[in-house]
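Note on naming: letters A, B, ... go to the chains in the order of the sequence lines (proteins, then strands), and numbering restarts at 1 for each one.
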Amino acid sequence: MSKVETEQKIILPDGSSRTFESGETASDLAKSISQGLFRKAVGCLINGEIRDLYTLLSDGDQVKILTAEDSQSLELLRHSTAHIMAQAVQRLFLGAKIAIGPTIEDGFYYDFDIPGHSLSLEDLALIEAEMKKIVAENQRLVRYSIPDVDRQLDDFRKQGEKFKAELLEEHRNDNPTLYLMQDKDSKVVWNDLCRGPHLPATGLVKAFKLLKVSGSYWRGDEKREQLQRIYATAWWKADDLEAYLKRLEEAERRDHRRLSKQLDLFSVHEEVGPGLIFWHPNLATVRATIEDFWRDVHRKRGYQFVFTPHIASEQLYEISGHLQSYGENMYSAMDIDGAPYRCKPMNCPGHIMIYKSKLRSYRDLPVRFAELGTVYRYERSGVLHGMLRVRGFTQDDSHIFCTPEQLESEITGFLDLVDLMMRTFGYTYKAYLATRPEKYLGSDEEWEFATGKLEAALKSRNLDYEIDPGGGVFYAPKIDIKLFDAIGREWQGPTVQVDLNLPKRFDVNYIGEDGQRHQAIMVHRAVLGSMERFCGGLIEHYAGAFPTWLAPTQVAVLPISDRHHEYARSIQEKLKEGGFRSRLDERAETINYRIREAQMEQIPYMLVVGDREVASNEVAVRHRRDESKKKEMGLESFLALLCAEVNEKT
RNA sequence: GCCGACGUAGCUCAGUGGUAGAGCAACGGUUUCGUAAACCGUAGGUCGCGGGUUCGAAUCCCAUCGUCGGCUCCA
């Protein structure tokens, strides 16, 4: 073999290249670049793929050395920390078997089968302590190709590692690898079936924390073994960990269930049943205000409002197919005069009934029916969550019936509406085009047509979107929109679906220009989703401090002492006349006390009135957050300011 | 539904086998105050519900309901 053949050219991120003898690793490359890089190196990207630092390089590879500075390296860190955790658990709990331990957003988890022991929060501290020992031991993580799969399977089975055995069996033809964890004498102290990649050694792990334990199922299948899962997080720097924990705290501070108690927003009752929400006056005010806005916006866009019954004969859901395909989420039948009736789980069949109540001409289309329609769906008890996951909720549901030619502009119009609504509430968003899933109804042509129109609408609005391949529902391609709230969390947002099923089942049609019947296109769409989820999300988005246009109480009028009551009443009277929601607090508490209470209730404006204001015929304005808005002014000026703020919805 | 934790006054929580407690809120009184908690007093709980162990249970056990953290898709 000539020397030339063993030489390899490696391309670096800046486009420059280096030449090596074969048998060099990414670590060697780092060393050749600089000592500093060599010391900081934790892994590498080879041709865009994240790999171990000790991966052998091949001719023509594009290589980037990863350090803690690179965001991708967090994946390495977390995955390796997962192995450290698994090793710690097996050290502490004899007989514990390991399942899988992937990285997830902001952390990782590992699933275990620990016969005879239930993990508790106290155990987490023990496991953390054991993990620190493993870090201190600075074990090396070494990739090891399994030479003899059957022998390894045998080993796993002897050790009782049946989950690993199952995985290996499945991957036997994918060049399966183990990661060996070796002590300083290169003795293998632990191993795990793993695709990698990993950090070179455990000593690099600095900041981690185990967060919670939970149940899970092997392979996510509830018919299989129940496992115990530990969730944890890991970061390169203690400061990053600290910041992450702060973020979790912030999320907890914003929790809508917690804020509900503080601000008197909603309740659920054992006597009534879980997942059924009672809206207290404060939150009902917010909702009613949103609904008024919603109606206004829809009216302006040519929607017509409808109302449909909350129960219907089973026949309806037989025709729609809900009974067959959605039956397990529907409440059981009630007997009405010998016929089975059901609570409505969806509004679409009802809207179709209205559409079909007369013959429709192409001249009538598009028809846009909108309803704040309350539906009831069975959700398993374990998944219920405050207002965000409930059993009875009101959807801002609409169904558009149109011709194929109108489809694209209907979707464009919807995207425009979404933009208006989301900007109003201060959410940023991102669109996903969900395409045909594996199991589907309808023809390929129909799917292609509908998906094409959805995509064309996204393009014509210049919207950034991602394709979610196979993410459509079995009867419809759709656009899902995800929202990002004030602290960057993602929420399920608006959605639009082109139904390829119901128009056929119900024979939804119109008379075309040609005098013939044509099947109508039916679009489902929701902007807010459900009032329950949306309002629950808004509480967290605003951390309970609703903007003035939504605030349950917009102004608190606070007279300093009894002799100012009369003046304060006249102020409140004028606020009322102006259509504002105000409260006069005449209690004999100190002014500080009443200000504090108004602050804690997140009332946007406080008007303090005392001798000075009575004399000058003004009000002393205090804003709940903005010190700069603190000043005295005439009531008319304040009303103007308030009016502008409400109209602008800021 | 499953795994785990939890359930004490309106709220937040203390009390782990021996007479149910605190702070805030509520109520009564005093205070009339200038931008985030005045003072004094009163009342409030079959300790989620049901069973069991015990001389004795908020406390230990069982069952049940609910809540919370997760487990699968989703409004």
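- Under the 6.0 Å cut-off for aromatic ring centres, A:F425 and A:F534 qualify, their centroids lying closer than that.
- With both ends at atom P, the span from B:A37 to B:G1 equals 47 Å, rounded to whole Å.
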Distances under 3.5 Å between nitrogen or oxygen atoms of protein and nucleotides 58-65 of chain B:
| residue | atom | partner | partner atom | Å |
| --- | --- | --- | --- | --- |
| B:C65 | O2' | A:E270 | OE2 | 2.8 |

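- Pairing for B:A22 goes to B:U12, judged as Watson-Crick or G-U wobble with the two contacts each under 3.5 Å.
- For A:F108 and A:Y110, the gap between ring centers reaches or exceeds 6.0 Å.
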| Which letter, B, S or -, goes with each nucleotide of nucleotides 70-75 of chain B from 5' to 3', with contact meaning a protein heavy atom under 4.0 Å? | BBBBBB
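- Stacking of A:K212 on the aromatic ring of A:Y231 is recorded, both the 6.0 Å distance cut-off and the 45° axial limit being met.
- Here A:R258 does not reach the OP1 or OP2 of B:U67: none of its side-chain N or O atoms lies under 4.0 Å away.
- Side-chain rings of A:F266 and A:H256 approach one another, their centers coming within less than 6.0 Å.
- Aromatic rings of A:F278 and A:H269 (six-membered ring for Trp) have centroids within the 6.0 Å cut-off, being under it.
- Taking atom CG of A:D123 as the reference point, atom P of B:C3 lies 18 Å away to the nearest angstrom.
- Checked options A:R391, A:R377, A:R287; the residue passing with A:E532 is A:R287 (criterion: salt bridge (charged side-chain N to carboxylate O under 4.0 Å, His left out)).
- The partner of B:G45 is absent, by the rule that a Watson-Crick or G-U pair needs both atom distances under 3.5 Å.
- In this structure, A:G273 and A:S381 both approach RNA chain B, and ranking their closest nucleotides by distance from the 5' end singles out A:S381.
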| note | In 5'-to-3' order, the base (B), backbone-only (S) or no-contact (-) status of each nucleotide in nucleotides 29-36 of chain B, using a 4.0 angstrom heavy-atom cut-off, is --BBBBBB
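- Ring geometry for A:Y475 against A:H524 counts as tilted: the plane angle lies between 30° and 60°, on a 0 to 90° scale.
- The number of heavy atoms from other shown groups lying within 6.0 Å of CD (A:E170) is above 12.
- The base-pairing partner of B:G50, taking Watson-Crick or G-U wobble contacts with both distances under 3.5 Å, is B:C62.
- Of all nucleotides present, only B:A5 satisfies the Watson-Crick or G-U wobble test against B:U67, with each distance under 3.5 Å.
- Nucleotide B:U30 forms a Watson-Crick or G-U wobble pair with B:A38, both donor-acceptor distances falling under 3.5 Å.
- A:Y109 carries A:R229 over the face of its six-membered ring, with the cationic atom under 6.0 Å from the centre and within 45° of the normal.
- A donor-acceptor pair under 3.5 Å is formed between the side chain of A:T435 and the backbone N or O of A:G470.
- Side chains of A:E371 and A:T308: a donor on one and an acceptor on the other come within 3.5 Å.
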